[in-house]
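Heads up: the structure comes next, in C-alpha cells.
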Amino acid sequence: MSADFSEPIVLIFSGIILSSFVILFHLAASINPYHKFSIPVFTMIVCGAVSLYSVSVLTGEPIFHSLRSSLSSSIEAMLYLLRAIMAMITVGLIRITLLTNRPVASSS
Amino acid sequence: MNNVVIFWSSHILIVLAFTFHRMGPSFDRSRFGAPLSLLGVSCLLFLTDGLGIPESELKLSIIEFFFWAIPFISGSIVILGSAPIYGRRNKLGMSIGWLLILVAWAMIFSQSQRLYLSDFTTGIWISIGLVIGLIFFFIAISLSERFSGIINQSEPLSQSERNLVETILIRRMRGN
C-alpha cells in the first residue's frame, strides 16, 4: 500500500472488508428458522463489494489480491492492537491483586 | 496456490467455529465449535508452508500472537481465580499467574523489532473501518426487524404446561 493520504482510507475500507467477511460467515453459520437474514446479508455483501472495489482502485491491484492484502493487513493490525488491550487488562489485574477483603458497608 | 486456499479456509473455519460455539446448547451445531476451531488452527499453523507475501506476514503475526496470548490468558485466569474478589487470596496462584503474565510481556518485548507507533495507528484506522461495518450491520438488523411483522400469535398453554408453570411458581413463592 502506498504511503500517501489515501492510506487511511484504504485502511478504513480494509476494516469494512474484514467486518463484512466475518459477519457474512457468521450469518451463514448461524442460520435458523427464526433468522431474518436477507437484509443483513445483502447489506454486508454491498458494503464488502464497494469497499473491495475502492481498495482495488486506490491501490491499483487486482480484486483478488486486494481482498487478500486487505484481510491480511486488517487481521494483522487487530492482533497488534490486542497488545494495547493486554496492557489495559494488566492494569486491571494489578488493581485486583491489590484488593483486600474489606467488609461491605451497608448502602442505605 | 493450494496453501493460500488452505490458509483462508482455516480462517473461515475459525469464524464458523466461533459462531457455532456461541449459538449455545439449544442448537446441535454448537457441539462442533471446539473441534472445528482446533481443526482451523491446526490447518493454519501446520499445513500452510511456503505462503506468499500478504499471507506469510499474517501467519508470522498469528504465531507471535499465540506465543504471548497463551501465557497471558492462562495467567489472567489463574490471577482471577486466586484474587480476593469472592474468596480468600491464594498467594501461590497469584504468583504463578503473575509469572505467566511476565512471561507474556517478555515475549512481547522480545518481538520489539516489530513494535512501532505506526502499527498502532494502522490498527486504529482499521478499527474505525470495523466499527463502520458493524454500524451498517446493526442498521440492516433494525430494518429487517422493522419490516417483518408478527407472523402469528402463539398458541395458549396446554393444561399440562399450565400445571408445570403453576408448580414452578408455587415452589418459588414458598422458597423451597
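Below, chain A is the first sequence line, B the second, and so on; all start at residue 1. Since this is a predicted model, take the numbers as computed values, not measurements.
- Tracing side-chain contacts under 4.5 Å through hydrophobic residues (I, L, V, M, F, W, Y), one never reaches L134(B) starting from I124(B); they form parts of separate clusters.
- Neither the backbone nor the side chain of S20(A) comes within contact range of chain B; no heavy atoms are under 4.5 Å apart.
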Problem set entry | Worked verdict on F18(B) versus V22(A) for side chain to side chain contact (heavy atoms under 4.5 Å, CB included) | CA-CA 10 Å; F18(B) 177 74; V22(A) 172; over 6 Å; no
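- Using a 4.5 Å cut-off between heavy atoms, T43(A) touches chain B through its side chain atoms alone.
- Between chain A and the options I79(B), L80(B), I141(B), I12(B), the largest number of non-hydrogen pairs under 4.5 Å is found for I12(B).
- Between L16(B) and A29(A), the shortest heavy-atom distance links the atoms CD2-CB, 3.5 Å.
- Per-residue heavy-atom pair counts under 4.5 Å with chain B were compared for C47(A), S30(A), G48(A), and the maximum is reached by S30(A).
- In this structure the side chain of T97(A) reaches within 4.5 angstrom of the side chain of W98(B), judged on heavy atoms.
- For L82(A), the parts lying under 4.5 angstrom from a heavy atom of chain B are both the backbone and the side chain.
- Using a 4.5 Å cut-off between heavy atoms, A69(B) makes no contact with chain A at all.
- Of the residues considered (R29(B), K59(B), M94(B)), R29(B) shows the highest number of contacts with chain A, using heavy-atom pairs under 4.5 Å.
- Looking at F72(B), only its side chain comes within 4.5 Å of chain A, counting heavy atoms on both sides.
- With a 4.5 Å cut-off on non-hydrogen atoms, F21(A) touches chain B through its side chain but not through its backbone.
- The line from OG of S142(B) to CD1 of I39(A) is 9.0 Å long, rounded to the nearest 0.5 Å.
- Between atom CZ of residue R146(B) and atom NZ of residue K36(A) there is a gap of 13.0 Å, rounded to the nearest 0.5 Å.
- Atom CD1 of I75(A) is separated from atom CD of E57(B) by 13.0 Å, given to the nearest 0.5 angstrom.
- Rounded to the nearest 0.5 angstrom, F65(B) CZ and M78(A) CE are separated by 12.5 Å.
- Considering only heavy-atom pairs separated by less than 4.5 Å from chain B, the leading option among I16(A), I9(A), V46(A) is I16(A).
- Looking at heavy atoms from C-beta onward, W105(B) lies in side-chain contact with M86(A) at the 4.5 angstrom threshold.
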For this session: Walk me through it: do L27(A) and T19(B) pass the test side chain to side chain contact (heavy atoms under 4.5 Å, CB included)?
Result: CA-CA 9 Å; L27(A) 287 170; T19(B) 303; over 6 Å; no
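- Taking every heavy atom of both residues into account, A84(A) and F120(B) meet most closely at CB-CE2, 3.9 Å.
- At a threshold of 4.5 Å between side-chain heavy atoms, the hydrophobic network of Ile, Leu, Val, Met, Phe, Trp and Tyr places L102(B) and F67(B) in two separate groups.
- Looking at I62(B), the atoms closer than 4.5 Å to chain A (heavy atoms on both sides) sit in the backbone and in the side chain alike.
- If you measure heavy-atom distances from I17(A) to chain B, you find no contacts under 4.5 Å at all.
- Note: the hydrophobic cluster containing V50(A) does not contain L24(A) (ILVMFWY, side chain heavy atoms under 4.5 Å, direct or indirect links).
- Side-chain contact between W125(B) and V10(A) is absent, with no heavy-atom pair separated by less than 4.5 Å.
- Side-chain contact between F25(A) and L13(B) is absent, with no heavy atoms from C-beta onward closer than 4.5 Å.
- Using a 4.5 Å cut-off between heavy atoms, S127(B) touches chain A through backbone and side chain atoms alike.
- Interface remark: I31(A) contributes backbone and side-chain atoms alike to the contact with chain B (heavy atom separation under 4.5 Å).
- The shortest heavy-atom contact between G129(B) and S19(A) is O-OG, 4.2 Å.
- Within the 4.5 Å cutoff, side-chain heavy atoms of S76(B) are placed close to those of L93(A).
- Considering CH2 of W8(B) and CZ of R68(A), their distance stands at 8.5 Å, rounded to 0.5 Å.
- What you find for S61(B) and E76(A) is that their closest heavy atoms are OG-CG, 3.0 Å.
- With a 4.5 angstrom heavy-atom cutoff, F137(B) touches chain A via backbone and side-chain atoms both.
- Taking the side chain as every heavy atom from C-beta outward, I128(B) and L11(A) never approach each other to under 4.5 Å.
- Counted within 6.0 Å of NE2 on H26(A), heavy atoms from surrounding residues, nucleotides or ligands total more than 12; the atom is thus considered enclosed.
- Residues G123(B) and A77(A) come closest through the heavy atom pair CA-CB, 3.8 Å.
- Rounding to the nearest 0.5 Å places CG of L130(B) at 10.0 Å from CG of L81(A).
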